[in-house]
Amino acid sequence: MTDSKYFTTTKKGEIFELKAELNSDKKEKKKEAVKKVIASMTVGKDVSALFPDVVNCMQTDNLELKKLVYLYLMNYAKSQPDMAIMAVNTFVKDCEDPNPLIRALAVRTMGCIRVDKITEYLCEPLRKCLKDEDPYVRKTAAVCVAKLHDINAQLVEDQGFLDTLKDLISDSNPMVVANAVAALSEIAESHPNSNLLDLNPQTINKLLTALNECTEWGQIFILDCLANYTPRDDRESQSICERVTPRLSHANSAVVLSAVKVLMKFMEMLPKDLDYYGTLLKKLAPPLVTLLSAEPELQYVALRNINLIVQRRPEILKHEMKVFFVKYNDPIYVKLEKLDIMIRLASQANIAQVLAELKEYATEVDVDFVRKAVRAIGRCAIKVEQSAERCVSTLLDLIQTKVNYVVQEAIVVIKDIFRKYPNKYESVIATLCENLDSLDEPEARAAMIWIVGEYAERIDNADELLESFLEGFHDESTQVQLQLLTAIVKLFLKKPTETQELVQQVLSLATQDSDNPDLRDRGYIYWRLLSTDPVAAKEVVLAEKPLISEETDLIEPTLLEELICHIGTLASVYHKPPSAFVEGSRGVQHKRLPGSAGSGESVESPDVASAPGVSEAPPAVIPSQGDLLGDLLNLDLTPPTTTGPPPPSSGMQMGAMDLLGGGLDSLLGGDLGGSPAMGGGFGAAPAAMPASFTAPVSGGLDDLFDLGGGVGMPMGAYSPPKTVWLPAMKAKGLEISGTFARRSGVVQMEMTLTNKAMSVMTDFAIQFNRNSFGLAPAGPLQVLTPLSPNQSIEVTLPLNTVGPVMKMEPLNNLQVAVKNNIDVFYFSCQYPISMLFAEDGKMERQVFLATWKDIPNENESQFQIKDCHLNSDAASNKLQGSNIFTIAKRTVEGQDMLYQSMKLSNGIWLLAELRVQAGNPNYTVSLKCRAPEVSQCVFQSYEAVLKN
């Protein structure tokens with residue numbers, strides 16, 4: 001007989017009758033009554049009045065009845081906390097029952113009763129169950145700890161349950177290990193900085209052993225935990241990959257994706273020339289292909305994950321193009337996702353079959369799919385240059401079908417093809433113009449207008465075509481109006497005599513009759529350009545456009561790295577980081593792939609603080625960069641009130657003052673001589689430089705132990721060769737090449753100024769934009785004689801680090817404004833970060849050890865320096881010359897480990913471990929810092945110093 005009888009409604013006095021039955025002496029009647037109560041509870045009736053009667057039924061040996069009572073308890077304990085305490089004794093007793101199923105049931109229910117009053121009574125039974133002889137009870141108790149932690153975290157920590165949980169990772173039963181890992185992961189998620197899962201090679205070995213024997217969900221918990229581990233080197237990484245690879249053939253797709261996640265992460269640490277690396281790539285393809293034979297919903301999840309994998313490592317699936325061909329019965333969401341992956345995998349080798357497929361798709365009935373297929377043909381043309389001609393002819397064939405939406409999509413993508421390959425396929429314009437009347441979608445109309453404007457000189461009736469659009473100007477969408485305005489201005493600049501009326505008409509429509517501020521502003525800009533300087537207008541409007549990139553829809557690299565670490569989760573389906581859709585106070589950790597050879601982590605550091613006991617002054621926190629030109633265009637625009645230079649009392653003050661005197665207004669016009677009105681920046685050079693820049697600066701006691709030898713400065717400090725920063729063609733004949741050096745503790749900018757113009761250059765001055773480390777000129781630019789045509793002059797500009805700070809991208813980018821009697825010129829250059837390593841950057845051994853432990857592991861980045869043929873002593877001496885100090889050295893299994901420290905000018909300390917293996921030209925350097933964003937620049941300096 002089915003259980004439906006319990007849900008049938010009974011007469012009045014139902015609660016009263018149930019009460020009587022619950023107190024019956026007959027066991028069967030009792031059980032039936034409890035079932036009726038649970039049925040009433042399930043359909044939403046309030047049966048909380050029966051709480052004491054149901055609790056009395058707990059005293060039974062019948063497992064089924066006990067389960068039903070516990071179910072009732074979980075539901076009503078919150079609303080009846082005082083009565084729930086009555087059940088505590090039974091829980092305690094049940095936790096010592098000879099039947100392990102009852103013990104586990106009791107501890108599971110205890111974890112589900114979220115009542116503060118009860119939790120403290122449950123600690124003792126839980127402690128016993130965590131050490132129970134039966135693994136089923138232990139695994140249930142492990143999960144109970146996580147639930148209890150959610151209710152009262154402090155209690156769990158005080159009672160030592162977390163340590164017991166950690167011990168369970170070494171349990172002999174794989175399911176207990178899996179549940180312990182799951183519980184610790186859950187707790188660690190809500191406390192990101194707790195370092196609960198302190199993973200080390202021994203723990204990893206235990207987890208990998210348990211992996212082979214536990215259930216599929218246990219395997220997922222363990223694999224997810226493994227994905228959070230960062231191996232010490234490529235050997236350990238390979239060993240873990242070898243033991244995880246068998247999971248790829250599991251029947252459960254979640255296990256497969258979790259294994260893929262671990263392998264994708266650890267592959268980052270494997271050298272690409274390793275044989276195993278190639279083998280692993282081959283092994284990853286079949287399981288991913290197998291996922292595509294599942295039902296559509298699973299296929300979609302697999303495709304979204306494959307989309308990420310293909311962006312990171314297209315070589316995995318490069319030979320599997322056919323599995324992504326669309327089937328007739330695929331749902332639209334699967335079709336569109338497959339199409340996306342096809343384009344990502346398109347290459348010269350497979351483009352013919354891809355195009356044949358896409359052309360077929362373009363004749364389907366599903367409009368959305370057809371549009372995407374036509375757009376895909378355009379993307380293939382942009383991605384694979386050799387196929388562009390074939391793609392264009394395919395698009396022309398589709399235009400001849402005269403299917404409205406196909407024609408419109410084709411025109412949109414042909415515009416992109418013109419942007420990628422200018423002056424190559426313009427012969428098709430005539431065909432496009434034939435379809436002008438059928439265009440009714442804003443994007444297609446805008447694309448067609450752009451084509452007409454861009455190639456107006458090749459289209460005889462371009463003015464008529466654009467005029468036809470102008471008739472309904474105010475009914476067009478903003479996108480079309482803006483494009484039409486620009487196209488007509490282009491046409492006017494190409495054929496000024498024939499189109500004067502047309503351009504006046506469109507400018508009038510855009511500026512006087514339009515309410516759209518964007519359109520009005522663009523109209524006014526064009527109007528003023530055309531009326532003041534038509535030549536400049538031509539240079540601006542008809543300037544050569546940059547070619548569009550082949551992949552415009554790739555996920556941004558740092559986000560892609562984070563999403564790869566979340567393969568198999570909701571983040572990989574949404575293609576958004578968890579922080580974008582997980583609400584609440586539970587900390588969401590940002591994950592990154594480990595640093596591979598030659599690349600490092602670039603994790604934003606929430607706070608940049610120096611090591612305790614290392615630097616007294618807190619380092620400057622780097623603010624975020626506003627825009628590219630930053631404050632070069634936003635300097636103080638008020639002229640100074642003083643008529644002469646303020647007396648420079650020290651280098652510190654000089655860095656803070658505005659060396660351009662009146663700011664950019666004086667740069668861009670007015671008196672360009674060294675007049676008093678210009679302030680101190682441009683007058684005659686001071687008779688003598690401040691003492692702080694002429695006398696060598698002693699490096700203090702550190703220099704006594706210098707390996708380099710000199711007292712004033714370490715010998716052999718690395719300085720990169722000069723490069724051209726400002727080419728003459730961009731600066732009206734002034735060429736600036738330069739480099740940076742650190743001499744006697746002072747950072748210097750060493751430049752060669754060359755005059756390639758026909759006139760004499762004078763009145764030189766320089767100013768820096770705000771930058772990551774506050775670099776600023778410590779004095780005026782000393783060009784004492786006029787610079788004659790074809791003459792070069794060497795200039796050294798001392799710098800200090802007390803200027804305004806703003807985070808740049810990249811971090812070591814420096815934007816510079818240089819002025820002379822002709823104009824102001826802007827350029828940007830990159831300084832090696834080793835220029836900012838201070839002479840007092842040698843840490844005490846004990847302080848180094850404490851600081852290394854104190855900086856969290858996620859702040860560690862690992863890099864490889866290839867083709868370096870120095871032994872460890874020579875490397876240490878060379879690095880010491882650039883203020884990278886070796887604190888200690890030890891040799892392990894023939895590998896020299898150098899522990900090094902350096903200190904940046906803003907007080908940030910960096911710690912490094914350099915591994916040098918005799919006979920191996922590849923070094924490994926691990927960098928640890930509280931501001932991990934500097935690690936990439938520091939690695940570049942290491943590479944530059946050691947290789948030069």
Side-chain angles (χ1 to χ4, degrees), residues 1-126 128-129 134 136-137 140-141 143-144 147-148 150-152:
M1 192 177 175
T2 66
D3 287 342
S4 59
K5 61 176 181 173
Y6 302 115
F7 291 89
T8 53
T9 52
T10 52
K11 342 155 233 340
K12 295 181 241 171
E14 187 178 7
I15 298 286
F16 181 75
E17 284 179 14
L18 285 171
K19 201 179 183 85
E21 286 176 28
L22 286 168
N23 291 316
S24 164
D25 296 334
K26 294 177 182 168
K27 282 185 181 176
E28 272 309 307
K29 209 166 185 183
K30 241 183 196 176
K31 192 159 83 176
E32 293 293 306
V34 173
K35 282 186 179 179
K36 283 179 190 171
V37 171
I38 298 293
S40 300
M41 182 179 88
T42 307
V43 295
K45 287 182 187 170
D46 182 14
V47 282
S48 56
L50 297 168
F51 199 95
D53 306 286
V54 176
V55 170
N56 284 338
C57 299
M58 280 175 81
Q59 314 287 349
T60 174
D61 299 332
N62 186 313
L63 188 58
E64 187 185 3
L65 181 55
K66 211 175 254 305
K67 278 183 180 176
L68 290 168
V69 174
Y70 279 173
L71 196 61
Y72 177 89
L73 259 176
M74 280 188 252
N75 196 47
Y76 282 117
K78 205 160 193 179
S79 59
Q80 308 263 356
D82 296 329
M83 288 198 172
I85 293 178
M86 292 160 48
V88 168
N89 284 337
T90 315
F91 280 134
V92 174
K93 210 154 57 175
D94 282 355
C95 284
E96 294 175 3
D97 194 277
N99 184 345
L101 290 175
I102 289 179
R103 297 202 297 274
L105 181 64
V107 82
R108 179 184 293 123
T109 311
M110 280 177 353
C112 294
I113 295 178
R114 304 178 64 83
V115 177
D116 288 335
K117 287 183 180 177
I118 295 183
T119 45
E120 55 205 64
Y121 295 111
L122 306 184
C123 295
E124 231 19 76
L126 181 56
K128 284 180 185 168
C129 289
D134 193 284
Y136 181 73
V137 180
T140 310
V143 177
C144 187
K147 289 178 176 174
L148 192 58
D150 199 30
I151 303 165
N152 189 339

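Each residue takes its place number in the sequence, starting with 1.
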Participant: Measure the NZ-OG distance between Lys35 and Ser40 for me, rounded to the nearest 0.5 Å.
Facilitator: 14.0 Å

Participant: Of the non-hydrogen atoms in Asp94 and Ala106, which two are nearest, and what is the gap between them?
Facilitator: CB-CB, 3.6 Å

Participant: Quick check for you: to the nearest 0.5 Å, what is the distance between Lys67 atom NZ and Leu101 atom CG?
Facilitator: 7.0 Å

Participant: Atom SG in Cys129, atom CD in Glu124: separation rounded to 0.5 Å?
Facilitator: 11.0 Å

Participant: So which heavy atom on Leu68 is nearest to which on Ile38, and how close?
Facilitator: O-CD1, 3.3 Å

Participant: Salt-bridge test for Asp53 and Lys19: reply yes if a basic N is under 4.0 Å from a carboxylate O, no otherwise.
Facilitator: yes

Participant: Please enumerate all residues that pass side-chain hydrogen bond (donor to acceptor under 3.5 Å, both in side chains) together with Asp134, with sequence neighbours excluded.
Facilitator: none

Participant: Determine whether the side chains of Tyr70 and Asn75 contain a donor N or O and an acceptor N or O closer than 3.5 Å.
Facilitator: no

Participant: For Leu148 and Leu126, work out which heavy atoms get closest and say how close.
Facilitator: CD2-CD2, 3.7 Å

Participant: Once you round to the nearest 0.5 Å, how far does CD of Glu28 lie from CG of Leu65?
Facilitator: 9.5 Å

Participant: Kindly give the heavy-atom pair with the smallest separation between Val137 and Pro100, and that separation in Å.
Facilitator: CG2-O, 3.5 Å

Participant: So, for Leu71 and Met41, which heavy atoms are closest and what is the spacing to 0.1 Å?
Facilitator: O-CE, 4.2 Å

Participant: Please confirm whether the backbone N or O of Pro98 pairs with a side-chain atom of Arg103, one donor and one acceptor, at under 3.5 Å?
Facilitator: yes

Participant: Got a second to check how far Cys112's SG is from Leu73's CG, nearest 0.5 Å?
Facilitator: 11.0 Å

Participant: For the pair Glu64 and Lys31, find out whether any cationic side-chain nitrogen is under 4.0 Å from an anionic carboxylate oxygen.
Facilitator: yes

Participant: Grab the two heavy atoms, one from Val47 and one from Tyr72, that are nearest each other, plus how far apart they are.
Facilitator: O-OH, 2.7 Å

Participant: With sequence neighbours excluded, tell me which residues meet side-chain hydrogen bond (donor to acceptor under 3.5 Å, both in side chains) with Lys147.
Facilitator: none

